[in-house]
There are 4 protein chains.
Amino acid sequence: MKEALAIFANKGYHTSTIDEIARASGVAKGSVYNYFESKEILLRTLVFETLEETAEMMDPDHDGIVTVEEFFGMIRKSKKWLVENRDFLRLYFSVITQPKVLKMLEKDLWEIISPYIEKMKTFFKEHGFSDPETEVRFFYALLDGIEINYVLDPENFPLDKIEERVIRYYEGLLK
Amino acid sequence: MKEALAIFANKGYHTSTIDEIARASGVAKGSVYNYFESKEILLRTLVFETLEETAEMMDPDHDGIVTVEEFFGMIRKSKKWLVENRDFLRLYFSVITQPKVLKMLEKDLWEIISPYIEKMKTFFKEHGFSDPETEVRFFYALLDGIEINYVLDPENFPLDKIEERVIRYYEGLLK
Amino acid sequence: MKEALAIFANKGYHTSTIDEIARASGVAKGSVYNYFESKEILLRTLVFETLEETAEMMDPDHDGIVTVEEFFGMIRKSKKWLVENRDFLRLYFSVITQPKVLKMLEKDLWEIISPYIEKMKTFFKEHGFSDPETEVRFFYALLDGIEINYVLDPENFPLDKIEERVIRYYEGLLK
Amino acid sequence: MKEALAIFANKGYHTSTIDEIARASGVAKGSVYNYFESKEILLRTLVFETLEETAEMMDPDHDGIVTVEEFFGMIRKSKKWLVENRDFLRLYFSVITQPKVLKMLEKDLWEIISPYIEKMKTFFKEHGFSDPETEVRFFYALLDGIEINYVLDPENFPLDKIEERVIRYYEGLLK
DNA sequence: CATGAATGAGCGTTCATTCAT
DNA sequence: CATGAATGAACGCTCATTCAT
């Protein structure tokens with residue numbers, strides 16, 4: 001799976017071949033099929049496991065209430081993760097923008113993501129935002145936008161400055 | 001090209017076939033090759049022409065100075081365009097996140113986009129932002145994030161509310 | 001036809017396209033079909049006309065009897081023609097060695113060639129060769145071999161010396 | 001490869017299809033590509049392997065000196081081989097006369113052939129020929145001419161008589 | 001008679017998947 | 001459970017040929 005991730009991320013799903021992945025992993029092509037029913041399921045498994053790990057790691061709260069510190073902590077953790085997982089994120093974006101693939105993933109993706117959305121909704125609500133629903137969407141849109149811009153041009157995108165910009169912005173809103 | 005756009009957008013570049021596009025367009029497979037040297041060039045042409053049109057249409061200023069009204073006008077136009085061009089945008093995102101394809105497009109994309117970035121940089125500078133460079137990046141990241149979220153889930157994404165949210169935010173900053 | 005010859009000779013029949021030939025000739029693709037029913041017939045016509053011209057030009061005798069001088073004259077003329085028609089000869093060899101094409105040409109080729117064989121048979125017979133039939137075959141095989149060797153490597157094949165070698169050989173036999 | 005040879009020889013390289021070769025060989029089309037990277041490489045491999053085998057088999061001398069007996073033996077072996085390998089030879093001639101293909105083969109061909117040319121040059125030199133270089137060229141041109149005439153019309157070409165004719169000729173020269 | 005856009009059959013090649021060993 | 005040869009459906013692309021203008 002490690003090799004598959006690297007290859008999918010660098011060449012794109014359709015342009016990567018099972019043969020390539022097998023060779024890079026040091027196993028025979030046939031062996032890949034002992035672990036994954038199909039190329040699509042390999043991708044799916046790959047994306048999910050990473051996503052679940054990430055989600056867990058990123059969980060801003062482990063007790064049910066998101067504090068302001070946890071909120072900012074999460075933003076900083078996001079950035080760190082982003083830098084360390086460029087490859088995955090590029091793959092992720094390329095996958096979710098492939099209509100067919102999206103369909104196959106979206107239900108499960110939603111299950112991973114929705115609890116976070118709920119928690120953030122509560123967080124914004126408790127800090128006096130009049131439309132927490134929209135606020136969450138706005139917040140995640142902003143993060144997604146930053147991620148995609150970083151992933152597409154990691155050399156030039158001023159990630160640190162943007163991070164500070166985001167934090168200062170929410171500091172203003174949350175105080 | 002219209003059919004190609006629809007098909008590429010709905011099925012993804014690699015999953016779409018020339019035969020399909022030809023049939024949908026009511027011409028023979030071979031005829032496609034009278035107009036486009038290859039599948040890749042069809043895609044490229046498609047993306048570029050739409051992008052150039054859009055860029056021109058979206059130009060916030062036609063005199064050299066971006067006013068505050070033009071800035072907000074541009075945001076509103078963006079939203080309108082976004083709604084009307086879901087298909088294209090889905091294709092666009094799926095294309096720029098495909099590593100190989102990106103390489104083939106990036107130089108030319110940059111040529112289309114960079115003038116806008118420059119203008120916006122000047123705009124933010126003249127309105128007293130201390131780091132206009134970062135501000136532009138932040139602004140475009142936000143727009144990209146909104147776009148991608150809308151495109152991936154147009155039914156549920158509260159585009160209107162988000163638009164108002166963005167406008168109110170920049171009103172606060174620009175007054 | 002001139003352009004077709006050049007192109008067929010340089011790229012081979014199957015690798016050359018009608019489009020290419022039309023463009024090189026300064027006419028439209030469709031026009032080619034006003035003069036030649038098909039690509040194959042263009043080739044056929046080409047080969048034949050050149051072959052007939054050549055045959056006529058090469059005719060060692062115009063009165064029915066081949067003299068020794070005419071015989072040697074013909075050898076010299078052959079060489080001259082060979083140098084001037086490398087292109088055609090390469091095409092010719094590539095064509096007659098293509099089984100399918102051969103079948104389509106062989107009957108007509110034979111009609112062009114056989115009178116010469118007959119004349120040469122008589123020539124050798126009258127000069128005391130015990131097996132004129134074999135002698136003619138030997139003679140033409142020798143010429144063909146020289147031609148093919150020259151055509152395949154015109155820079156290095158010592159055509160002049162070989163010509164002298166052949167002439168001296170037959171001088172020995174014919175005196 | 002056996003089937004490929006037969007098919008290439010009988011239909012010509014460009015007119016033969018991989019599908020046909022696969023079917024004749026009793027394997028699937030895709031399997032051909034497990035053994036040969038491309039149609040061109042299949043052809044190349046085919047020609048080379050046969051050529052190398054032949055060259056080795058035809059080697060007139062195994063000790064460094066070509067004797068007169070070995071010389072005549074080689075001519076006789078040539079004839080035998082020629083009769084048994086009509087197919088290959090037809091393919092061979094059709095290949096070397098295809099301009100493009102020639103380019104791709106010529107360097108390697110030369111490496112196979114040139115040692116024989118050298119040996120023959122020495123042979124003719126040691127038997128008192130004033131211009132061994134030309135003599136070798138003449139000799140091989142004669143053989144090539146015979147081969148091509150035989151291959152193009154095996155039913156009628158008097159191969160045995162020609163062989164005797166050649167041998168008698170060189171007996172005259174070498175005594 | 002010239003044109004060149006349109007056609008579509010056909011081919012080389014790829015690659016996910018299977019399965020006998 | 002590992003292997004990798006075999007499979008064949010599928011696709012991009014070519015090009016001889018046609019025909020309406």
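Keep in mind it's a predicted model, so treat the numbers as computed, not measured. Labels below follow one simple rule: chain letters A, B, ... track the order of the sequence lines, proteins then strands, and each chain is numbered from 1.
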J.: Over how many whole Å does the gap from B:Tyr35 atom OH to E:dA6 atom C1' extend?
T.: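 After rounding, the reported distance stands at 8 Å.
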
J.: Quick one: C:Phe36 CZ to F:dA16 P, roughly how many Å, whole number?
T.: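 Distance check: C:Phe36 CZ to F:dA16 P gives 15 Å.
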
J.: Among the nucleotides F:dA6, F:dC1, F:dG12, which one has an atom lying closest to any side-chain atom of D:Asn34?
T.: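 Side chain of D:Asn34 sits closest to F:dA6.
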
J.: Rounded to whole angstroms, how far apart are NE2 on A:His14 and P on E:dT14?
T.: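 Rounding to the nearest Å, NE2 of A:His14 and P of E:dT14 are 18 Å apart.
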
J.: If each of D:Gly30 and C:Ser38 is mapped to the nucleotide of DNA chain F with the nearest heavy atom, which maps nearer the 5' terminus, i.e. the 5' end?
T.: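 Of the two residues, D:Gly30 wins.
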
J.: Between A:Arg23 (CZ) and F:dT3 (P), how many Å, whole number?
T.: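 It is 14 Å, rounded to the nearest whole Å.
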
J.: Can you measure B:Phe8 atom CZ to F:dG12 atom C1' for me and round it to whole angstrom units?
T.: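 After rounding, the reported distance stands at 12 Å.
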
J.: Select one nucleotide: of F:dT3, E:dC1, F:dT7, the one nearest the side-chain heavy atoms of D:Ala28.
T.: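 The listed nucleotide nearest to D:Ala28's side chain is F:dT7.
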
J.: Side chain of A:Lys11, backbone of A:Thr17: donor and acceptor closer than 3.5 Å?
T.: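 Here the side-chain-to-backbone pair does not exist.
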
J.: For A:Tyr92, what residues pass the ring pair (Phe, Tyr, Trp, His ring centres under 6.0 Å) criterion, not counting sequence neighbours?
T.: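 Listed in chain order: nothing, the list is empty.
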
J.: For the pair made of CG in C:Asp19 and C1' in E:dA5, what is the distance, rounded to whole Å?
T.: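 It works out to 12 Å between those atoms.
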
J.: If you measure from CE on C:Met1 to CG on C:Leu43, what distance do you get to the nearest 0.5 Å?
T.: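 Rounded to the nearest 0.5 Å, the CE-CG separation comes out at 10.0 Å.
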
J.: Tell me whether the OP1 or OP2 atom of F:dT7 has a side-chain N or O from D:Ser31 closer than 4.0 Å.
T.: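 So the side-chain polar atoms of D:Ser31 do come within 4.0 Å of the phosphate oxygens OP1 or OP2 of F:dT7, strictly under.
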
J.: Between B:Lys29 and A:Thr17, which has a closest nucleotide on DNA chain E that is more 5'?
T.: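 The residue closer to the strand's 5' end, by nearest nucleotide, is B:Lys29.
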
J.: I want to check one thing: is the phosphate of F:dA16, taken as OP1 and OP2, less than 4.0 Å away from some side-chain N or O of C:Lys39?
T.: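 Yes, such a contact exists.
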
J.: Would you mind telling me which residue lines up with the more 5' stretch of DNA chain F, B:Tyr33 or D:Val32, judged by nearest nucleotide?
T.: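 Its nearest nucleotide being more 5', the pick is D:Val32.
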
J.: Here's a test for you: under side-chain contact (heavy atoms from CB on, under 4.5 Å), which of D:Leu82, D:Leu46, D:Leu5 qualifies with D:Phe88?
T.: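 Of all the options given, the one that passes is D:Leu5.
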
J.: Grab the NZ-C1' distance between A:Lys11 and E:dC15 for me, whole Å please.
T.: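 Between C1' of E:dC15 and NZ of A:Lys11: 12 Å.
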
J.: How many angstroms lie between atom CD of D:Glu3 and atom OG of D:Ser25, to the nearest 0.5 angstrom?
T.: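 Rounded to the nearest 0.5 Å, the CD-OG separation comes to 5.0 Å.
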
J.: Classify the nucleic acid contact of A:Thr15 as base, sugar-phosphate or nothing, counting any heavy atom under 4.0 Å across all strands shown.
T.: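 Answer is nothing: A:Thr15 stays at 4.0 Å or more from every strand.
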
J.: So how far is it from C:Arg90 CZ to D:Ile96 CD1, rounded to the nearest 0.5 Å?
T.: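 Answer for the CZ-CD1 pair, C:Arg90 versus D:Ile96, is 12.0 Å.
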
J.: Send over the distance from B:Ile7 CD1 to F:dC11 C1', rounded to a whole Å.
T.: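 Distance check: B:Ile7 CD1 to F:dC11 C1' gives 15 Å.
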
J.: Specify the residue among C:Gly26 and A:Glu37 whose closest nucleotide of DNA chain E lies further upstream toward the 5′ end.
T.: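 Nearest nucleotide further toward 5': that of C:Gly26.
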
J.: Counting runs of three or more consecutive pairs, Watson-Crick or G-U wobble, with each distance below 3.5 Å, where are the stems of DNA chain E?
T.: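 Stems for DNA chain E, defined as runs of 3 or more consecutive pairs: E:2-21 with F:2-21.
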
J.: Between D:Trp81 and D:Met57, is there a side-chain heavy-atom distance shorter than 4.5 Å?
T.: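 Side-chain contact under 4.5 Å: yes.
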
